[in-house]
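Reviewing the structure listed below.
Quantities reported herein were computed from a predicted structural model and do not represent experimental measurements. Just so it is clear: chains get the letters A, B, ... in the order the sequence lines come, proteins before strands, and each one is counted from 1.
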Amino acid sequence: MTLRLFNTLTGQLDDLVPSDGLALRMYACGPTVYDFGHIGNFRTFLQVDVLRRFLKLTGVNVLHVMNITDVDDKIIRNAAAAGIPISEYTPRFIDAFFEDLESLRVERPEQIARATDHIDRMVELVQRLAAVGAAYKTEDGSWYFRLAAFPEYGKLSKKDLSGMEDGARVDVDEYEKDSARDFALWKAVKPGETSWDTPIGRGRPGWHIECSAMAMEYLGESFDLHAGGEDLMFPHHENEIAQSESVTHKPFARHWMHVRFLLVDGRKMSKSEGNFYTLRDLLLKGYKASAIRMALISVPYRHQLNFTFDGLTEATNAIERLRTFHQRLLQGNFAAGANPALRAAAEKAQADYMAALANDLNTAEARAPIFDLIRTSNTAIDQSQFFAGDRDAILAVLASFDAVFDVIEDRDAEPTRRAVEWAEKAGRVADIAPGLLARESLNDEAIDALVAERTLAKKQRNFARADQIRNELAEKGILIEDSKDGVRWKRK
RNA sequence: GCACCGGUGGCGAAGUGGCUAACGCGCAGGUCUGCAAAACCUGUAUUCGCGGGUUCGAAACCCGCCCGGUGCUCCA
């Protein structure tokens with residue numbers, strides 16, 4: 001099964017396979033750590049997670065590099081405002097970022113690369129660019145990329161810059177640049193700003209150079225896939241190509257994947273619109289991490305996703321159906337034997353599921369065969385046509401589903417607990433949804449004891465007491481289900 | 001202004017020339033149950049923004065229009 005993935009560079013679906021036959025080498029732009037991540041950021045990271053998980057499911061090894069931009073204008077500004085050096089400012093947001101990824105069950109890339117750990121590689125790249133005449137230094141000590149040195153500029157974003165390259169005609173504010181479109185490789189030191197003393201002068205790197213330098217450091221001069229949000233296509237990725245290919249004369253990344261922006265309530269998310277949410281905001285409102293994951297990956301990556309609270313509720317309920325069924329399989333007592341029709345259904349579901357994902361990661365289409373199989377199986381169970389031998393076949397399909405979606409196993413308590421803990425420290429107790437803490441107040445043993453008491457009451461036909469217990473538990477988010485295989489309970 | 005993407009049931013969403021238009025959520029009725037929950041069954045778009053056209057045949061292709069969104073600048 002080969003993944004056919006839309007390639008921005010070619011404008012069509014291309015097979016994504018490791019060019020060296022060993023591992024798929026991919027680079028995905030990571031966060032700029034000046035604040036907590038918001039759901040827009042996480043949609044992109046989640047979709048890249050879907051990609052790498054699906055590749056692994058098809059047996060492809062992955063070497064995934066993610067950068068952390070830990071020096072840029074916003075970081076410098078915010079750190080200055082906080083009165084601390086950036087080396088003290090960024091770590092807490094880096095930690096928060098990885099904590100959030102863990103909450104969302106995003107797999108760690110094989111290699112994390114911080115910009116400030118790779119200054120010398122960036123300096124080397126600027127020197128190489130200067131050597132081939134693609135970089136020049138201005139009076140103030142900054143270095144710029146000479147766009148005129150790279151005729152293919154614009155090939156990724158399909159921009160025709162022919163009318164704009166006439167730098168001499170443009171009214172250029174930054175008079176020292178040769179052309180208005182030339183972009184910064186290295187910014188000369190300014191008073192009070194973080195800087196590094198290097199062979200090309202004292203200063204700090206431009207934004208684009210870090211990705212070229214670090215991608216080549218870990219993946220080589222030419223690699224398989226480069227991914228990121230759609231906004232990065234231009235100018236960021238275009239500039240990366242220019243910087244890299246000008247010195248290597250090889251294709252930088254063969255395949256480019258861009259994840260579409262999401263909307264919130266039909267509008268672009270922004271702080272001024274009041275529709276801006278971090279992961280922590282949603283967890284504190286009582287939404288489960290798994291539901292957020294599900295909502296953000298269920299709309300295919302190339303489609304605009306309109307994020308709403310109704311959508312989160314839908315995702316919550318869909319996960320509930322998956323988990324209830326999963327639990328039913330694990331706890332049920334099935335007679336020996338097997339139902340050939342179920343084996344066939346499982347095989348078909350598995351094939352359809354894989355085919356949907358192989359088709360440009362169509363996550364929406366991929367869900368359908370799984371839910372079909374659940375209905376078919378539930379029907380069989382209800383009719384006593386489901387046997388012990390069927391269980392493993394169905395569980396294997398669910399495992400394939402969860403290898404990518406990863407929402408069935410309930411690990412939602414921990415992210416919520418962490419968010420609450422953080423809110424208490426950060427003085428945001430008022431943002432914690434009522435009942436969120438009460439929900440965690442009952443431990444499993446206490447619940448089991450109450451459930452046992454209810455079962456006894458039922459046996460004695462004391463339904464008033466039994467219902468009283470059920471209501472008490474319901475108030476704390478514990479739902480009880482009676483079945484012929486015994487009583488099940490779950491946390492809502 | 002230029003460019004791009006989209007408009008499918010109450011909501012989300014798949015489907016891009018031909019089977020009864022997936023799937024999830026919701027809602028209504030039924031079965032089961034002490035009552036529930038879960039599960040299952042039935043119903044929930046005679047039709048895919050609007051108007052033309054191409055075709056034996058279109059939600060899908062073409063033209064026009066209306067509406068929503070995005071990019072062209074820092075942004076995942």
Side-chain angles (χ1 to χ4, degrees), chain A residues 11 28-32 34-35 37-48 69 72-74 77 157-161 163-164 207 227-236 258-263 266-271 294-296 298-308 310-325 327-328 332 349 352-353 356 359 362-383 457-459 461-464 466-467 470-471 473-474 479-485 487-490 492:
Chain A
C29 288
T32 301
Y34 65 98
D35 203 348
H38 59 252
I39 54 173
N41 300 122
F42 291 121
R43 153 121 131 143
T44 299
F45 298 127
L46 279 164
Q47 293 288 357
V48 171
T69 302
D72 92 317
D73 293 349
K74 274 193 270 254
R77 189 192 61 208
S157 54
K158 313 286 186 280
K159 281 186 191 303
D160 179 8
L161 301 177
M164 298 164 147
W207 173 36
E230 64 169 332
D231 57 304
L232 299 181
M233 194 168 89
F234 182 87
H236 184 54
H258 291 98
V259 180
R260 249 187 128 194
F261 263 17
L262 58 69
L263 303 177
R267 316 219 136 264
K268 185 169 176 178
M269 179 169 67
S270 75
K271 285 181 177 166
M294 186 74 149
L296 291 175
S298 289
V299 173
Y301 78 96
R302 278 209 293 148
H303 286 234
Q304 205 164 51
L305 160 70
N306 185 17
F307 183 89
T308 62
D310 283 349
L312 280 183
T313 302
E314 188 271 339
T316 304
N317 294 340
I319 290 171
E320 209 50 55
R321 181 164 168 80
L322 289 161
R323 288 181 179 173
T324 301
F325 174 68
Q327 201 177 21
R328 193 178 194 194
D352 289 351
Y353 167 73
N359 178 25
N362 193 335
T363 47
E365 191 183 354
R367 281 173 45 156
I370 302 302
F371 283 99
D372 277 335
L373 183 64
I374 289 176
R375 187 174 357 84
T376 304
S377 300
N378 272 325
T379 302
I381 295 172
D382 286 352
Q383 297 174 345
K458 276 181 60 182
K459 205 166 276 178
R461 302 197 67 79
N462 181 357
F463 295 121
D467 292 349
R470 187 168 65 196
N471 291 337
L473 287 170
L479 296 184
I480 287 188
E481 294 171 11
D482 297 329
S483 80
K484 65 176 159 62
D485 294 319
V487 183
R488 286 192 290 262
W489 62 263
K490 63 189 179 189
K492 190 176 168 56

(message) Quick one, A/L263 with A/F307, criterion side chain to side chain contact (heavy atoms under 4.5 Å, CB included). Give me CA distance, side-chain angles, the key distance, then yes/no.
(response) CA-CA 6 Å; A/L263 303 177; A/F307 183 89; over 6 Å; no

(request) Applying side chain to side chain contact (heavy atoms under 4.5 Å, CB included), run through A/R260 and A/R43 and close with a yes or a no. (result) CA-CA 9 Å; A/R260 249 187 128 194; A/R43 153 121 131 143; 3.7 Å; yes

(request) Begin from the C-alpha positions of A/H236 and A/W207 and carry the test side chain to side chain contact (heavy atoms under 4.5 Å, CB included) through to its verdict. (result) CA-CA 8 Å; A/H236 184 54; A/W207 173 36; 3.6 Å; yes

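With C1' as the reference atom, B/A13 and B/C48 are 13 Å apart, rounded to whole Å. Going from the C1' atom of B/A59 to that of B/G6 covers 14 Å, rounded to whole Å. Taking atom C1' in both B/U16 and B/A36, the straight-line distance is 46 Å, to the nearest Å. On the C1' atoms, B/C41 is 34 Å away from B/A58, given to the nearest whole Å. With C1' as the reference atom, B/C67 and B/C75 are 27 Å apart, rounded to whole Å. Distance check on atom P: B/G71 versus B/G18 gives 35 Å, rounded to whole Å. Remark: the separation of the C1' atoms in B/C66 and B/G52 is 15 Å, to the nearest Å. Comparing the P positions of B/C65 and B/U70 gives a spacing of 22 Å, expressed to the nearest Å.
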Atom pairs, N/O to N/O, protein against nucleotides 58-60 of chain B, distance under 3.5 Å?
none

Within the sub-3.5 Å range, which N or O atoms of nucleotides 1-8 of chain B have a protein N or O partner, and how far apart are they?
{"unit_1": "B/C5", "atom_1": "O2'", "unit_2": "A/R260", "atom_2": "NH1", "d": "3.1"}

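A/D482 has no carboxylate O lying under 4.0 Å from a charged side-chain N of A/R488, or vice versa, which leaves the two without a salt bridge.
With sequence neighbours left out, the salt bridge (Lys or Arg N to Asp or Glu O under 4.0 Å) criterion links A/D352 to A/K348. Annotation: side-chain hydrogen bond (donor to acceptor under 3.5 Å, both in side chains) contacts of A/S157 (sequence neighbours excluded): A/E238. A/R328 meets the side-chain hydrogen bond (donor to acceptor under 3.5 Å, both in side chains) test with A/N378, A/D382; sequence neighbours excluded. Listed by chain and number, the residues in a ring-ring contact (aromatic ring centres under 6.0 Å, His included) with A/F45 are A/F97 (sequence neighbours excluded). Under the salt bridge (Lys or Arg N to Asp or Glu O under 4.0 Å) criterion, A/K490 pairs with A/E320, A/E481, not counting sequence neighbours. Looking at residues two or more places apart in sequence or on another chain, you find no salt bridge (Lys or Arg N to Asp or Glu O under 4.0 Å) involving A/E365. Every residue meeting the ring-ring contact (aromatic ring centres under 6.0 Å, His included) condition with A/H38, not counting sequence neighbours, appears here in chain and number order: A/F276.
Distance A/E365 CD to B/C23 C1': 10 Å, rounded to the nearest Å. Rounded to whole Å, atom C1' of B/C75 lies 13 Å from atom CG of A/D73. For the pair A/L296 CG and B/G12 P, the computed distance is 16 Å after rounding to whole Å. In this structure, CZ of A/R77 is placed 12 Å from C1' of B/C75, rounded to the nearest angstrom. Distance A/N359 CG to B/U16 C1': 11 Å, rounded to the nearest Å. Atom P of nucleotide B/A76 and atom CZ of A/F234 are separated by 17 Å, given to the nearest angstrom. Rounded to a whole Å, the CE atom of A/M233 is 10 Å from the C1' atom of B/C72. Taking atom CG of residue A/D372 and atom P of nucleotide B/A13, one finds them 20 Å apart after rounding to whole Å.
For A/A368, counting side-chain heavy atoms from C-beta on, the closest listed nucleotide (B/C74, B/A76, B/C23) is B/C23. When distances are taken from the side chain of A/N317 to each of B/C25, B/A14, B/G24, the shortest belongs to B/C25. The side chain of A/R367 sits closest to B/G24 out of B/C75, B/G24, B/G69.
Side-chain contact between A/Q304 and A/E230 is absent, with no heavy atoms from C-beta onward closer than 4.5 Å. You'll find the side chain of A/R367 reaches within 4.5 Å of the side chain of A/F371, heavy atoms only.
No donor-acceptor distance shorter than 3.5 angstrom exists from the side chain of A/N41 to the backbone of A/G37, with no hydrogens or angles considered. Of the possible polar contacts, one joining the A/Q47 side chain to the A/L296 backbone as a donor-acceptor pair under 3.5 Å is found.
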(message) Return a single string for nucleotides 39-45 of chain B, one symbol per nucleotide in 5' to 3' order, where B is base contact, S is sugar-phosphate-only contact and - is none, cutoff 4.0 angstrom on heavy atoms.
(response) SSS----

(request) Classify every nucleotide of nucleotides 30-37 of chain B by which part a protein heavy atom approaches to under 4.0 Å, writing B for the base, S for the sugar-phosphate alone and - for neither, in 5'-to-3' order. (result) ----BBBB

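Within 4.0 Å of A/R43, counting heavy atoms only, lies no atom of the nucleic acid at all. Nucleic acid contact class of A/A318 (heavy atoms, under 4.0 Å, all strands): sugar-phosphate only. Residue-level contact check: A/P300 touches the backbone only, with heavy atoms under 4.0 Å from sugar-phosphate atoms and none from bases. Among the protein residues, A/G311 comes within range of no part of the nucleic acid, since none of its heavy atoms lies under 4.0 Å from any strand. Among the heavy atoms of the strands, none lies under 4.0 Å from A/G37. Nucleic acid contact class of A/L232 (heavy atoms, under 4.0 Å, all strands): sugar-phosphate only.
With centroids closer than 5.5 Å and planes inclined by less than 30 degrees as the test, A/F42 and the base of B/A76 fail to qualify as a stacked pair.
Between A/C29 and A/L232, the shortest heavy-atom distance links the atoms CB-CD1, 3.6 Å. When all heavy atoms of A/V48 and A/A227 are compared, the pair lying nearest together is CG2-CB, 4.1 Å. The minimum heavy-atom distance between A/A457 and A/A466, with the atom names listed, is CB-N, 4.1 Å. The two residues A/G266 and A/N306 have their closest heavy-atom pair at N-OD1, 2.7 Å.
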(request) Go ahead and write out RNA chain B as dot-bracket, 5' to 3': ( ) for pairs within the strand, [ ] for ones crossing earlier pairs, | when the partner sits on another strand, dots for unpaired; Watson-Crick or G-U wobble, both distances under 3.5 Å. (result) ((((((((.[[[..)..(....]]]((((((.......))))))....[[[[[..)....]]]]])))))))....

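If you find the closest nucleotide of RNA chain B to A/L262 and to A/S298, the one lying nearer the 5' end belongs to A/S298.
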